[in-house]
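Accompanying notes for the structure given below.
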Number of protein chains: 2
Amino acid sequence: MLPGMRLVVARCSVDYTGRLSAHLPMAPRLLMLKADGSILVHADGGSYKPLNWMTPPCTLKEDDAVWTVTNTKSGDQLRITIDEVLHDSTHELGVDPGLRKDGVEAHLQELLAADPTALGEGYTLVRREFPTAIGPVDLMCRNADGVSVAIEVKRRGEIDGVEQLTRYLELLNRDPLLAPVQGVFCAQQIKPQARVLAEDRGIRCVTVDYDALRGTVDHTQPTLF
Amino acid sequence: MLPGMRLVVARCSVDYTGRLSAHLPMAPRLLMLKADGSILVHADGGSYKPLNWMTPPCTLKEDDAVWTVTNTKSGDQLRITIDEVLHDSTHELGVDPGLRKDGVEAHLQELLAADPTALGEGYTLVRREFPTAIGPVDLMCRNADGVSVAIEVKRRGEIDGVEQLTRYLELLNRDPLLAPVQGVFCAQQIKPQARVLAEDRGIRCVTVDYDALRGTVDHTQPTLF
DNA sequence: AATTGAATCTCGCCC
DNA sequence: GGGCGAGGTTCAATT
């Protein structure tokens with residue numbers, strides 16, 4: 001896509017007809033035309049949501065002072081009547097490498113590593129991402145009695161996670177230097193059937209409150225993550 | 001707010017820490033800084049949603065090549081590291097007069113209340129927002145035989161709406177003063193699986209054309225839409 | 001101010 | 001590709 005992103009600041013009025021009908025009176029606004037033909041109409045304020053927009057796939061027809069953007073799939077139309085162009089520039093941005101979300105799970109693991117007592121009285125951290133032949137265990141701890149505890153951390157606790165932890169425990173308990181290794185299944189929410197399965201296998205379930213956990217961990221120095 | 005909207009095209013990397021952690025690798029992007037201090041990071045593609053953003057109230061600290069945007073309420077932070085500025089301009093847009101919407105569910109309900117015969121021959125309105133213990137029924141009507149009919153109105157008819165109406169009907173039919181109560185599921189478009197579910201439960205489906213409906217309803221006095 | 005529910009939702013997952 | 005569920009949901013209307 002060569003055209004790149006075009007930024008137009010213009011006094012304009014906008015009419016949308018599609019799922020609903022909407023109208024924007026004549027006023028100065030930013031028109032963002034993306035390479036894929038989509039268009040956003042932004043005002044100076046409000047949130048991240050544009051006043052009006054058209055999602056791809058769509059085509060732009062520039063006819064004198066009237067731009068018509070038509071969604072080629074739904075037929076939705078955006079009619080923009082330009083009164084005065086205040087700015088017009090085009091910028092080649094290329095394809096964005098995209099957002100990497102260090103979702104809640106990674107951050108949860110981090111917080112629990114910083115304060116393992118949320119998992120059990122007297123718990124201490126051995127290490128994060130404890131390596132095994134079938135993949136790393138999220139957290140390896142010791143309980144108050146010095147017994148090893150493997151911890152699986154999930155945002156939402158489901159059957160899959162219990163199975164995963166079970167495999168780790170089976171493997172870890174074959175190691176005479178580590179055995180016995182207990183298991184803790186930790187998540188913000190644990191589904192009933194996952195809890196039943198876990199407890200049936202002698203795995204303890206711990207639900208943690210993310211915000212509460214954040215509160216307990218020291219925030220005096222910036223973490224940067 | 002004098003500063004207006006500032007548009008910066010720059011090679012930048014972005015780090016967000018707040019409810020979650022997220023990272024955008026170094027790449028050219030559009031940074032939209034609005035007068036209220038909020039900021040949007042857009043790529044050339046995707047939907048109307050920015051790659052990353054900060055909602056007001058927030059403050060921007062421009063420190064050489066690193067911009068730090070902090071939400072003054074939640075403490076969420078956006079760190080933008082600028083590698084190269086490709087464009088930088090500011091535009092005074094003023095306060096936007098705002099969007100006027102038409103054709104929402106409420107208006108559809110209004111039109112059907114004004115002319116219930118679109119729902120069935122001889123239908124008459126009992127009342128809008130008919131109260132029940134689990135919430136109001138959109139429209140309560142009587143059919144040509146005087147039988148009560150509960151009507152659920154949606155813009156788009158999906159499974160959820162059928163379930164909702166089913167719950168109402170179950171409740172209403174326990175009331176000996178009302179029972180039997182029939183059901184009509186009314187929408188501009190009804191998804192096939194919703195239609196199947198509804199009809200399987202004895203709920204009649206009616207699709208209505210918004211514009212046609214507007215035409216049948218008296219327009220001698222202005223409706224403001 | 002808190003709550004509720006729709007949204008031109010968007011986005012990702014899993015089937 | 002459709003359904004389901006969550007989102008830094010956002011947004012508006014209502015209590």
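Labels below follow one simple rule: chain letters A, B, ... track the order of the sequence lines, proteins then strands, and each chain is numbered from 1. Just the heavy atoms: all of them, side chains too, but no hydrogens, waters or symmetry mates, feed the values below.
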- Whole-Å distance separating the CG atom of A:D36 from the P atom of C:dT10: 13 Å

- B:L99 CG to C:dC9 C1', in whole Å, measures 14 Å

- Note on the structure: In whole angstroms, the gap separating C1' of C:dA7 from CG of A:L20 amounts to 9 Å

- Item | Result of checking B:E129, B:E152, B:K154 against B:Q109 for side chain to side chain donor-acceptor pair (under 3.5 Å) | B:E129

- Distance-minimising heavy-atom pair for B:D96 and A:P28: OD2-O, 4.3 Å

- Item | Heavy-atom pair of closest approach, residues A:D44 and B:G94 | CB-O, 4.4 Å

- Whole-Å distance separating the OH atom of B:Y48 from the C1' atom of C:dA7: 7 Å

- Task: Mind calculating the distance between CG (B:L51) and P (D:dG7) to the nearest angstrom?
- Result: 19 Å

- Report the distance from atom NZ of B:K73 to atom P of D:dT10, rounded to the nearest whole Å. 12 Å

- Any chance the side chains of B:K101 and A:H23 put a donor and an acceptor closer than 3.5 Å? no

- Sugar-phosphate only, base, or nothing, as touched by A:M54 at under 4.0 Å among non-hydrogen atoms: nothing

- From the list D:dT10, C:dT10, C:dA6, which nucleotide is the closest neighbour of the side chain of B:T55? D:dT10

- Query: Within the pair B:S47 and C:dC9, is there a side-chain N or O less than 4.0 Å away from OP1 or OP2?
  - Reply: no

N/O contacts under 3.5 Å, protein versus nucleotides 1-5 of chain D?
from, atom 1, to, atom 2, distance (Å)
D:dG3, OP1, B:Q193, OE1, 2.9
D:dG3, OP1, B:Q193, NE2, 2.3
D:dG3, OP2, B:Q193, NE2, 3.4

- Message: Output the rounded distance in Å from CG (B:D76) to P (D:dT10).
- Response: 10 Å

- Is the shortest side-chain N/O distance from A:K49 to OP1 or OP2 of C:dT10 below 4.0 Å? no

- Message: Does A:Y16 reach a base, just sugar-phosphate, or nothing at all? Heavy atoms under 4.0 Å.
- Response: base

- Task: Output yes when a side-chain donor or acceptor of B:R29 lies under 3.5 Å from a complementary backbone atom of B:C12, and no otherwise.
- Result: yes

- Query: Please give, in whole Å, the distance from C:dT10 P to B:L40 CG?
  - Reply: 16 Å

- Query: More than 12 foreign heavy atoms under 6.0 Å from CZ of B:R6: is that the case here?
  - Reply: yes

- Query: Strictly by modelled atom types, are A:T68 and A:R79 linked by a side-chain donor-acceptor pair under 3.5 Å?
  - Reply: no

